[in-house]
Amino acid sequence: MDLIDDSENGANVPLSRRAMAARPSPYLDGLNAAQRAAVETLEGPVLMLAGAGTGKTRALTTRIAHLLTLGLARPGQVLAVTFTNKAAREMKNRIARLLGETVEGMPWLGTFHSISVKILRRHAELIGNGQLHLKPSFTILDTDDQIRLLKQLIQAENIDEKRWPARQLAHLIDGWKNRCLTPGNLPRGEGAAFDGHGGKLYAAYQDRLLTLNAVDFGDLLMHCVTLFQAHPDVLRQWQDRFRFILVDEYQDTNVAQYMWLRLLAQAHRNICCVGDDDQSIYGWRGAEVGNILRFEKDFPGAQVVRLEQNYRSTPEILAAASGLIASNQGRLGKTLWTDAPAGEKVRLIGHWDSEAEARWIGEEIETFQGGHRAAIGPVSLNEMAILVRASHQMRAFEDRFMTIGLPYRVIGGPRFYERQEIRDAMAYFRLAVSPEDDLAFERVVNTPKRGLGDKAVKTIQGLAREHGLTLLDAARLAVEEKHLGGKGGANLREFVSLMTGAHLSVQSGGDHIQIAERLLDESGYTAMWQNDKSPDAPGRLDNLKELVKALEEFENLQGFLEHVSLVMDRDDGENTEEVSIMTLHAAKGLEFPVVFLPGWEEGLFPNQRAMDEQGNKGLEEERRLAYVGITRAERLATISFAGNRRLYGQWQSSMPSRFVDELPEEHVEVLTPPGLYGGGYGAAMAMAGGVQMQERAAKADVYNSPGWRRMQARANERKAPVGRTPVTIDAAPATRFTVGDRVRHAKFGEGQIMGIAEDTLTVQFDTGFKTIKASYVQPLDGADDVPF
DNA sequence: CTACAACCAGTTTTT
DNA sequence: CTGGTTGTAG
């Protein structure tokens, strides 16, 4: 059984004659000794420990170029895996550059997931539960679909969705799949999760996916592993094909990926894993640092190459980062060094609150940009970045930069294909391509509104179950047998005929762009947004146009859908001059001359939740995150913290991060913030006196001072007590209001009380009368102060 | 069925 | 505060 066609084997892709010529390999020039060793140790297992900024990608791509040039493998025989599409693209480009654009394709250079899809499509029939099996045309569900499906299953089991949300179950199942635990081999204890229903729901979910001929992201890897385990012949084929394996960001692999790699590598053991244990920051999504720490045990005789010469940062930045990460236990150990000339110390500054922090950073950026800082010289905006721990920190900067007119761009956030309008449009396309895609049906049957609500959908679902039909066919039946009357019925008839027509066009190979446009127009979807008065409606229409435009690059809708589910990237910005704002996670792999690291406060960074849930493990991952942050900087890193920060609308006080204390003092310059700062809180004291003073403040004066205790107590009072009915401190009792008082409501703005009944007020707003609970309005003017 | 007031939870994020 | 979801009144 050879399902593998040879075209991708590289057989048809002749190696470049130029590359084959016995000319000394110019691409090896300029590599340092360690890089060269990493490139030239081609056979057997190799672990490349590559610190931040040590030329990891260069070594990796050069290694591939070398393999191909020496003729040890054809492009189709090299398996190179990355985590993100971005990394894969970057590698492809760089290999092409090294080899002078002559090597056509590296068909097996891609993400774990995209490579797994290619493998699974060829053996789909072998994935099943004994009764059902996948078909090669299976669809890939994203998180959204996954959750909606789980919600249905939870409802079917009559489980209280409030206490046991689908999101949580999705998280559990993801965790299991990350560890390659199928419903069949799930340990008892684990299956008892989710109020005892975990295992059962998981099994039901997997069955449901099979009937839908669908898989989720976690399945892509898990199915591959179980496929390899259950079918040695299949595994054999792939082992034979992939003569050399390379893995990027090995410290981020989870158990499933680890098993996947081991199975493929165990025959020839030509595996080269590249990673940095100090940059493992994805433990929360299943990454196992243990994989990289254990490499030498897993592959006895492995060569370990350390890339330690850093080409990115100043000695001060490296020293600060190294000093910090030294507090972590269980590292493989690396010492970054550089022969770059001395630069500036890492700067540290405390602020009164997050607004002051944002204000100060904004001013700094303007100063740098204008070149008003001799040591640095003019820095363009896209050479500067603000790296935050949590996305809610971004708001302060956005607000500030908006007011001072400083151009910025937020990296991350919802990606193009995750936006509502894109997902809706995609659902129309999906349904046209595969009429059995029930999830797509449910998504669009009443979008735009067709008067087909829950009840109508339930009726259709009932019919589908009764007759074993897809939802679309059941809908057709409902129309024919007139199960739904009135407007809804008429609209459903139209919807069914539209989708049927579209499907026929797809099948007969009609022009996919026309089909797409017709779908969106005739379904009324475009009109829905045209009639929408909300400010983001025009943007959504633009996105839809962009989506249709993106179709041009594909031959048909199927190809497009496949691409989007796995590969479609965020619509990253242009080359305009903007400061980047992003999370530390999003910053991994990037570098900027000037980096700001705000929000170094206990609770925020290190993040309280990470510590609560993962203990010391969590803390160490947070510390690695700090390490990643500092090492993004080429010339100047500035760390800051604020004594007070608005979180969920309330002010909260906090202490400077313990990471601040862990920075090696001799490489840090403590700045005094502008202005006068009153109060005796930790942050202010730290601001006044530098690291030593701040340390003392933290350890003695502040934690134990009555002022700090009082502040903590207040902060705790403000939080709702766990397990009891929340005490609503800021709910103003109705008796405190009098008819005629002016009040403010979050949504309706200011208004005047016209009537009072119990705790319910009748208020006249500009927009009209509203009846509102007293706790939802704030008193204006002379009313009593709200506590705190 | 829809609209809207009430309620509630709330890191990090790729595929 | 905010965004998403739920329950209820129209």
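Lettering follows sequence order; numbering is per chain, from 1. Predicted model only: the values in this text are computed from it and were never measured.
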Among [options], which nucleotide sits nearest the side chain of [X]?
X        : options                : answer
A:Ser391 : B:dT12, B:dT13, B:dG10 : B:dT12
A:Ala456 : B:dC1, B:dT15, B:dT11  : B:dC1
A:Arg609 : B:dT13, B:dT11, B:dT12 : B:dT11
A:Arg389 : B:dT15, B:dT11, B:dT13 : B:dT11
A:Phe217 : B:dT15, C:dC1, B:dT13  : B:dT15
A:His113 : B:dG10, B:dC1, B:dT15  : B:dT15
A:Thr84  : B:dT15, B:dT11, B:dT13 : B:dT15
A:Thr111 : C:dT2, B:dT13, B:dT15  : B:dT15

Salt bridge [X]-[Y], side-chain N to carboxylate O under 4.0 Å:
X        : Y        : value
A:Arg395 : A:Glu398 : no
A:Asp248 : A:Lys56  : yes
A:Glu602 : A:Arg658 : yes

Find which nucleotide of DNA chain B each of A:Lys455 and A:Glu621 is nearest to by heavy atoms, and output the residue with the more 5' nucleotide.
-> A:Lys455

By nearest-nucleotide position on DNA chain B, the 5'-leaning member of A:Ile281 and A:Gly218 is A:Ile281

Figure out the [atom1]/[atom2] separation between [X] and [N], and round it to whole Å.
X        : N      : atom1 : atom2 : answer
A:Asp248 : B:dT15 : CG    : C1'   : 15 Å
A:Arg167 : B:dT13 : CZ    : C1'   : 11 Å
A:Arg645 : B:dG10 : CZ    : C1'   : 16 Å
A:Leu584 : B:dT12 : CG    : P     : 11 Å
A:Lys151 : C:dG4  : NZ    : P     : 12 Å
A:Asn607 : B:dG10 : CG    : C1'   : 12 Å
A:Lys86  : B:dT15 : NZ    : C1'   : 15 Å
A:Leu387 : B:dT13 : CG    : P     : 12 Å

So A:His585 and A:Tyr282, would you call those rings parallel, tilted or perpendicular, with 30° and 60° as cut-offs?
-> tilted

Mutual orientation of the aromatic rings belonging to A:Trp529 and A:Tyr525 [parallel < 30°, tilted 30-60°, perpendicular > 60°] = perpendicular

Spatial distance of atom NE2 (A:His113) from atom OG1 (A:Thr84) [nearest 0.5 Å] = 11.0 Å

Could you check whether A:Glu613 gets within reach of a base, just the sugar-phosphate, or nothing at all, counting any heavy atom under 4.0 Å?
-> base

Tell me what A:Gln257 touches on the nucleic acid: a base, only sugar-phosphate, or nothing, going by heavy atoms under 4.0 Å.
-> nothing

Can you list the residues that meet the side chain to side chain donor-acceptor pair (under 3.5 Å) rule with A:Thr583, with sequence neighbours excluded?
-> none

Residues of residues 441-452 of chain A with a heavy atom under 4.0 Å from any atom of DNA chain B, listed by number, are A:Asn446, A:Lys449, A:Gly451, A:Leu452

Do side-chain atoms of A:Glu622 reach the backbone of A:Met611 as a donor and acceptor pair under 3.5 angstrom?
-> no

Should A:Tyr648 be listed as having a side-chain N or O under 4.0 Å from OP1 or OP2 of C:dG3?
-> no

Would one find a side-chain N or O of A:Asn85 under 4.0 angstrom from OP1 or OP2 of B:dT14?
-> no

